[in-house]
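Encoded as structure tokens, the structure appears first; notes follow it.
Residue numbering restarts at 1 for every chain, and letters A, B, ... go by the order of the sequence lines.
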2 protein chains.
Amino acid sequence: MNEPIEEAANYSASRYRTPDGAPADIVIFTITSTERNTAKKSLPVRQLEVLLIQRKGWPYQGHWALPGGFSKETETLLDSALRELHEETGVADVHIEYFGVYSKPGRDPRGWMISHAFFALVHEHALANRRAADDAADVRLFPVQEALAMNLAFDHREILEDALQQIRIKMLTTTIAKSFLPEEFTIGELYQVIEAVVPDFEEKNFIRKITSTQSRKGIIEEVRDRKGELKQSNRHSQRAAQLYRFTDYVPQLSIYS
Amino acid sequence: MNEPIEEAANYSASRYRTPDGAPADIVIFTITSTERNTAKKSLPVRQLEVLLIQRKGWPYQGHWALPGGFSKETETLLDSALRELHEETGVADVHIEYFGVYSKPGRDPRGWMISHAFFALVHEHALANRRAADDAADVRLFPVQEALAMNLAFDHREILEDALQQIRIKMLTTTIAKSFLPEEFTIGELYQVIEAVVPDFEEKNFIRKITSTQSRKGIIEEVRDRKGELKQSNRHSQRAAQLYRFTDYVPQLSIYS
DNA sequence: TAAATAGTGTCTCTAAGACAGTATGTT
DNA sequence: AACATACTGTCTTAGAGACACTATTTA
């Protein structure tokens, strides 16, 4: 920026073909809870779902697609994604993360579109008051397995697969589980959330490991009330369960130690 | 793609401002070895270095920058990055990975440029026959600490910082160390490579852990010659050291197990 | 024979993993 | 009292962490 301005005159940017747009597409995940019909209190069934919109116009009219929109010159791609997320769901202040670019020639019949993919992790209740935006005929949550079997618009199936792979890895290596949980949660709830995202997750002594292993016990901490008493919840069982919250600590993983 | 073609006529893509280009920038890392001047054979000093080019024209003329180039409509961004990497270094078939997008308004005085950042990990000897490309006045390797202290073009310092953070995490959680090592290497060499990328890496019983810990010993394996004898090397010491190679196994890390 | 790297012995403490057993409080 | 979840006891084996010690070869 410290070059003489007149040099710019010698630069011709438009000698080459330029992209026709830079959309941001968002894979919005949530975990829904459904109560089971049992004799006593029991754990709900938790399922990972993804928000899709039904396209109103050309191309792929009537097909289900990931919500998204074109980025503007005056904003970053993250800004575009946040704007789109807010338009589509009314939520702000959630976990959102960039995870990939899709640039295969011919992927969009409208022209040369380089698409930027984000994933967002949202509480179920935050999606209560969603509505179809201008460019959508309908908005719905689909279980991920169902969405993967659908004939989605563009290369959105590939994007969804990649997003899913990403959050499976991150669920196990970071504390993103907290995006799906209330501030204070039980070990059983945490276990269920991990299971909903990573189907083959299985830890026999989960409660042991996470609460009494030196190297990991810093991840979560017991919740106490003002009197310093341990705070418990019996929302899922007769026997009350200890409540925990995440700390700010994130362990550094390594294959060499 | 199963919509009637004539619908496309109703779509006007150019109602909005479109990007002026989608460059791919590459952070090319290598580890250089310098022999120490000691009485006996000794381990070389290994240093992480990054390849920079000196810009020939406007903007940022004379400044050092990451190599990069504009993507074309007929290729993916990975193709652009590979093309650029090959032009700049003559190498193909190396570890290259996408890691981020840079879209802050005003980041490039030439216009609305959304830049895509890759990192590549290259053997030192592969950079022997590099030369300045058309758009560069000079090409050189810089130690990363030195590069970070320079006044790089555009937002390339930020990109370099992000790339460095990425490879530090990946050095410890994946087997990218093999990109910097020969096919067969000693434990001492592996340790040095990790140290060069992650300065505060320290494992007292490294050889123990990596060779005799059940959960990790699958990462590398001892090399044997045709007769089945253990193969050793004395390139860095009087006492020969066992040679190892990476297997295809990559451990799955988790904070919950 | 000393330099420089490579590797082993040994000890203590903590964690992993399995799994049976106990705890709690409603319907 | 049976259900459904939430833990705890106990045992065995494996790994971490520290650090002094031995091994190998040749300038």
Side-chain donor-acceptor pairs of residues 173-180 of chain A under 3.5 Å, sequence neighbours excluded:
from      : atom 1 : to        : atom 2 : distance (Å)
Thr173(A) : OG1    : Ile169(A) : O      : 2.8
Thr174(A) : OG1    : Lys170(A) : O      : 2.7
Thr174(A) : OG1    : Ile176(A) : N      : 3.3
Ser179(A) : OG     : Ile176(A) : O      : 3.4

Check the distance between [N]'s [atom2] and [X]'s [atom1] and give it to me in whole angstrom.
X	N	atom1	atom2	answer
Ile207(B)	dG17(D)	CD1	P	17 Å
Ile210(A)	dC7(D)	CD1	P	13 Å
Lys40(B)	dA23(D)	NZ	P	19 Å
Leu230(A)	dA6(D)	CG	P	16 Å
Lys209(A)	dA15(C)	NZ	P	12 Å
Glu189(A)	dT5(D)	CD	P	13 Å
Arg239(B)	dA6(C)	CZ	P	9 Å
Tyr256(A)	dG17(D)	OH	P	17 Å

### Task
Check the side chains of Asp25(B) and Tyr102(B) for a donor-acceptor pair under 3.5 angstrom, ignoring hydrogens and angles.
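Asp25(B) and Tyr102(B) do not have a side-chain donor-acceptor pair below 3.5 Å.
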### Task
Between Ala240(A) and Gln238(B), name the one whose nearest nucleotide on DNA chain C is closer to the 5' end.
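The answer here is Gln238(B).
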### Message
My understanding is that only residues two or more places apart in sequence, or in another chain, count here; which of them pass ring pair (Phe, Tyr, Trp, His ring centres under 6.0 Å) with Phe246(A)?
### Response
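If we apply the ring pair (Phe, Tyr, Trp, His ring centres under 6.0 Å) test to Phe246(A), skipping adjacent residues, the hits are Phe185(A).
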### Message
My understanding is that only residues two or more places apart in sequence, or in another chain, count here; which of them pass ring pair (Phe, Tyr, Trp, His ring centres under 6.0 Å) with Phe29(A)?
### Response
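By the ring pair (Phe, Tyr, Trp, His ring centres under 6.0 Å) rule, Phe29(A) matches no residue at all.
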### Query
So how far off straight is the helix from dT1(C)-dA27(D) to dT27(C)-dA1(D), going by the axes through five pairs at either end, to 10°?
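Comparing the first five pairs with the last five, the axes sit 10° apart.
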### Task
Classify the nucleic acid contact of Lys41(A) as base, sugar-phosphate or nothing, counting any heavy atom under 4.0 Å across all strands shown.
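Sugar-phosphate contact only.
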### Task
Pick base, sugar-phosphate or nothing for Arg235(B), based on heavy-atom distances below 4.0 Å to the nucleic acid.
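Touches nothing.
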### Message
So, OP1 or OP2 of dC19(C): does either fall under 4.0 Å of a side-chain N or O from Lys204(A)?
### Response
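Lys204(A) to dC19(C) OP1/OP2: no side-chain N or O under 4.0 Å.
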### Query
Of the nucleotides dA6(C), dA4(D), dA4(C), which one has an atom closest to the side chain of Ser42(B)?
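Side chain of Ser42(B) sits closest to dA4(C).
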### Query
Between Phe206(B) and Phe201(B), what is the ring plane arrangement, given parallel below 30°, perpendicular above 60°, and tilted in between?
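Because their plane-to-plane angle is over 60°, the rings of Phe206(B) and Phe201(B) count as perpendicular.
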### Task
Please name all residues satisfying side chain to side chain contact (heavy atoms under 4.5 Å, CB included) with Gln252(A), sequence neighbours left out, ordered by chain then number.
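Gln252(A) satisfies side chain to side chain contact (heavy atoms under 4.5 Å, CB included) with no other residue.
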Just the atom pairs and distances: protein N or O near nucleotides 10-14 of chain D's N or O, under 3.5 Å.
from    : atom 1 : to        : atom 2 : distance (Å)
dT10(D) : O4     : Arg208(A) : NH1    : 3.3

